[in-house]
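Only this structure's heavy atoms are used, side chains among them; waters, hydrogens and symmetry mates stay out.
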Amino acid sequence: MKRSLAYGGLVATAGLLAAGLAAPAQAAGDTVPSVILANTNLAAQEIAAFWYGEAKANLIGATPYNVETKVVAKHVSTGGPAADTKPGVVPAIGDEKKAASKSKNVNLPKTTGKVFFIGGDGRPHWCTATSVQSNYRNLVATAGHCVYDTESNSATLDKWVFIPGYYQGKTPWGIYVGKQAFTHYDYDVYEDGDRNYAFVTVYNGVLPESVSADRHYVSKVFRTRAEAEKELRRLENDKTTGWSDLRVVPVTKPGKPGHGHGHGDDHGHGGGHGRDHDDKNDKRGGDHGHNDGYQIAVTVSEFQSLNRNRDLTGNGPWADGTGASDPVEISRDEYRSDRDSYVSRDGKTLYFRKAVDGKPDEGPGKPGGGKPGGGHHDGPGKPGDGKPRGGQDEAPKDVTPSTDPSTAPSTDPSTAPSTAPDPADERKGDHGHGREYKYFKRTFWAKYYGWQVVGKKLAIGLKDVGRLGDNVGGQGLAYNQKLGKPVFVFGYPSGSHLDGNYAYTGQTLKWSYGKTFAASAKEIKGEELVGVKSSFTGEGSIGSSWLLNYKSDRRLGYLNGVTIGLADTDKNNRIDTSVSPYFDGELYGVYKAAANLWSGKIV
């Protein structure tokens with residue numbers, strides 16, 4: 001699909017004319033679409049910290065981006081892509097005035113690496129990409145769908161970084177955070193396969209200088225769980241910060257907004273400790289520091305986490321703001337076990353039994369329940385006296401208990417009830433040891449004063465390692481070239497052939513070699529593509545660089561294509577072809593829009 005571009009008043013047109021090349025025809029109103037990936041130094045720092053954090057778990061656990069990779073491509077004997085202007089090249093970094101040389105060995109380029117990002121599925125993924133020449137030595141080239149999320153139609157992929165020479169968690173030249181991405185109008189709007197390429201400016205690289213413990217984050221207090229969950233979704237979609245382990249928890253003690261207690265972090269500290277947010281944000285949602293709390297039903301495990309080392313079959317005293325319903329006597333048939341206690345399958349009801357032993361006065365609340373009264377029992381019945389009130393249970397029935405792992409029950413065998421009845425124990429009788437029992441059930445409640453979002457905010461000391469092109473170099477660019485020329489393809493192939501054979505792991509940089517030819521792939525709207533014979537497999541191949549006139553001794557050449565799809569052209573269930581958009585004058589215009597922009601440092 002061919003369209004003509006105007007370059008939005010950028011220097012692309014002037015650059016084309018200065019190079020002695022014919023500028024592409026301009027169409028009014030067209031521009032080179034671009035989008036900001038990380039617009040501030042702080043945003044870029046936190047994206048880098050996200051990938052370095054948690055022992056690089058997100059880098060190591062990333063998988064190839066699962067986009068439409070295998071296509072039905074075919075050779076085109078007539079027609080095919082055509083140059084729209086005169087052929088042109090941009091020299092590689094350091095190769096502007098070098099003479100040609102030959103080498104028998106194939107040395108892998110330092111410029112090639114992986115781009116990592118969070119996909120539309122919320123998980124870490126990667127593609128292949130390469131560093132290219134630019135005025136500020138800060139430019140990366142890859143496939144368009146390694147920047148723009150065409151699967152979920154999101155604007156861009158999140159937390160985008162480039163790591164040249166990446167290998168199993170190693171970042172030898174640092175991480176380069178994407179600043180601004182550029183693509184062709186037809187790909188941005190129509191997902192045109194003939195324009196499936198992107199250029200991304202990146203900040204200076206960074207390496208970890210010091211690694212500190214992840215800072216614990218606690219939000220302001222929200223009046224309702226729905227408001228807190230809305231804030232949780234906002235943070236999860238935040239492109240500027242390295243958040244992890246975000247969750248909504250209740251606030252169980254009154255306090256000033258943002259100063260909840262009980263579930264503030266993973267180390268038993270109150271929610272007011274380790275909070276890491278701007279107090280000016282407390283203006284949102286009104287004043288939450290002056291309410292009487294909300295009494296809601298809680299699960300047995302939640303209640304026990306708030307009343308550790310206390311007998312849940314007794315009468316307390318319970319922790320402030322918590323309480324239990326009076327035990328309700330039930331029949332042996334309803335109890336259904338010979339264990340002393342167990343929890344219902346939904347986690348909300350505690351079942352237990354008490355030995356009678358011929359003394360009817362020794363029921364619940366007498367032998368195992370702590371002292372009545374004491375002012376700590378604020379539950380249903382008479383507040384503060386801790387005495388049973390005839391089985392009243394005023395805990396709301398429509399509240400779903402939290403599944404927050406921080407509220408796991410105590411493992412103390414003296415207080416932890418069994419979590420399920422044992423079918424083998426059922427119906428063994430009540431008098432096996434000469435003892436009689438009474439059977440009870442009860443529920444629990446807690447008074448909540450609102451809800452908070454808690455989690456971790458990654459904090460890692462970073463040091464600047466300089467510009468991308470100064471560290472690994474940058475390939476040149478060739479456009480409007482004749483087909484039939486040989487190219488090296490460098491990338492991280494992964495996955496299997498169609499017959500199930502796994503030829504590549506995606507762990508190491510590989511190369512293939514072949515001559516270009518005209519191709520097409522209608523399912524990705526690719527009518528004027530370029531093909532090359534290559535056995536590269538899997539989604540990891542996407543973004544692989546096609547280098548024309550590659551000099552192995554200098555590890556430099558001219559970028560003349562990027563892999564956007566793979567094909568089995570001879571129908572033998574083995575991938576044999578890679579396809580790329582044809583690099584013409586319109587690609588050069590997109591390149592020029594990106595190549596003249598400065599990025600700078602992030603630390």
Side chain to side chain, Trp160 and Ile118, heavy atoms closer than 4.5 Å: no
task: For the residue pair Ser541 and Tyr504, confirm or rule out a side-chain donor-acceptor distance under 3.5 Å.
output: no
message: With a 3.5 Å distance limit and no angle check, can you tell me whether Thr111 reaches the backbone of Gly474 through a side-chain donor-acceptor pair?
response: no
query: To the nearest 0.5 Å, what is the distance between CG (Asn560) and CG (Leu483)?
result: 9.0 Å
message: For a quick check under 3.5 Å, do Asn196 and His145 share a side-chain donor-acceptor pair by atom type?
response: yes
- prompt: What closest approach, in Å, do Cys146 and Ile542 show between heavy atoms, and which atom pair accounts for it?
  reply: SG-CG2, 3.6 Å
task: Check whether any side-chain heavy atom of Pro109 lies under 4.5 Å from a side-chain heavy atom of Trp511, and answer yes or no.
output: no
query: CD1 of Ile524 to CG of Asp194: how many Å apart, nearest 0.5 Å?
result: 8.5 Å
- prompt: Is any side-chain heavy atom of Phe162 less than 4.5 Å from a side-chain heavy atom of Thr142?
  reply: no
message: Tell me the closest heavy-atom pair linking Lys485 and Leu548, and the distance in Å.
response: CB-CD1, 3.7 Å
field: Leu529 and Ile564, any side-chain heavy atoms less than 4.5 Å apart
entry: yes
query: Distance only, no hydrogens: is a donor on one side chain within 3.5 Å (strictly under) of an acceptor on the other, for Lys533 and Thr569?
result: yes
query: Donor-acceptor pair, Ser580 side chain versus Thr563 backbone, under 3.5 Å?
result: no
Backbone N/O of Asn572 and side chain of Asp568: donor-acceptor pair under 3.5 Å: yes
query: What's the shortest heavy-atom distance between Val472 and Ser131, and which atoms?
result: CG2-CB, 4.2 Å
- prompt: Taking all atoms of both residues into account, what is the closest heavy-atom pair of Ala181 and Val200, and its distance?
  reply: CB-CG2, 3.9 Å
task: Verify the neighbour count for atom CZ of Arg574: are there more than 12 heavy atoms of other residues, nucleotides or ligands below 6.0 Å?
output: yes
- prompt: If you measure from CD1 on Ile602 to CG on Leu462, what distance do you get to the nearest 0.5 Å?
  reply: 6.0 Å
- prompt: Can a cation-pi geometry be assigned to Lys114 and Tyr492, taking NZ or CZ under 6.0 Å from the six-membered ring centre and within 45° of the ring axis?
  reply: yes
- prompt: Okay, side chain of Lys522, backbone of Ser520: is any donor-acceptor separation there less than 3.5 Å?
  reply: no
field: Any donor-acceptor pair under 3.5 Å from Arg555 side chain to Leu108 backbone
entry: yes
query: Applying the ring-ring contact (aromatic ring centres under 6.0 Å, His included) test to Tyr166, which of Phe116, Trp126, Trp173, Trp51 qualifies?
result: Phe116
- line: For Ile60 and Gly169, the nearest pair of non-hydrogen atoms, with its separation, is CG1-CA, 4.0 Å
query: Are any side-chain N or O atoms of Ser219 and backbone N or O atoms of Val453, one a donor and one an acceptor, separated by less than 3.5 Å?
result: yes
field: Evaluation steps, side-chain contact (heavy atoms from CB on, under 4.5 Å), between Phe536 and Ile575
entry: CA-CA 7 Å; Phe536 277 14; Ile575 298 297; 6.0 Å; no
message: Working to the nearest 0.5 angstrom, can you tell me the gap between Asn501 CG and Ser535 OG?
response: 10.5 Å
field: Minimum side-chain heavy-atom gap Pro164-Tyr176 below 4.5 Å
entry: yes
- prompt: Would you say the side chain of Val454 lies within less than 4.5 Å of the side chain of Arg247, judging by non-hydrogen atoms?
  reply: yes
For Val487, the option from Trp546, Tyr513, Tyr550 that meets side-chain contact (heavy atoms from CB on, under 4.5 Å): Trp546
field: Thr183 OG1 to Asp192 CG distance, which is reported to the nearest 0.5 Å
entry: 10.0 Å
- request: Could you check if a side-chain atom of Tyr558 sits within less than 4.5 angstrom of a side-chain atom of Gln481, using non-hydrogen atoms only?
  value: no
field: Output field: ring centroids Phe199/Phe182 closer than 6.0 Å
entry: no
- request: Kindly assign one of parallel, tilted or perpendicular to the pair His184 and Tyr197, based on the angle between their ring planes and the thresholds 30° and 60°.
  value: perpendicular
- line: Tested for side-chain hydrogen bond (donor to acceptor under 3.5 Å, both in side chains) against Asn204, the lone hit among Asp470, Asp464, Asn471 is Asp464
Donor on one side chain, acceptor on other, Thr201 and Asn138, under 3.5 Å: no
- prompt: Going by distance alone, is a donor N or O of one side chain under 3.5 Å from an acceptor N or O of the other, for Gln475 and Thr130?
  reply: no
- request: Please report the C-alpha distance between Asp584 and Arg195 in whole Å, then the side-chain angles of each, then the deciding distance to 0.1 Å, and finally whether the side-chain contact (heavy atoms from CB on, under 4.5 Å) criterion is met.
  value: CA-CA 10 Å; Asp584 58 10; Arg195 304 299 178 198; 3.1 Å; yes
query: Val177 versus Val202: any side-chain heavy-atom pair under 4.5 Å?
result: no
- request: Can you see which heavy atom on Tyr190 is nearest to which on Lys525, and at what distance?
  value: O-NZ, 2.9 Å
task: Please round to the nearest 0.5 Å and tell me the distance separating atom CZ of Arg137 and atom CG of Asn135.
output: 10.5 Å
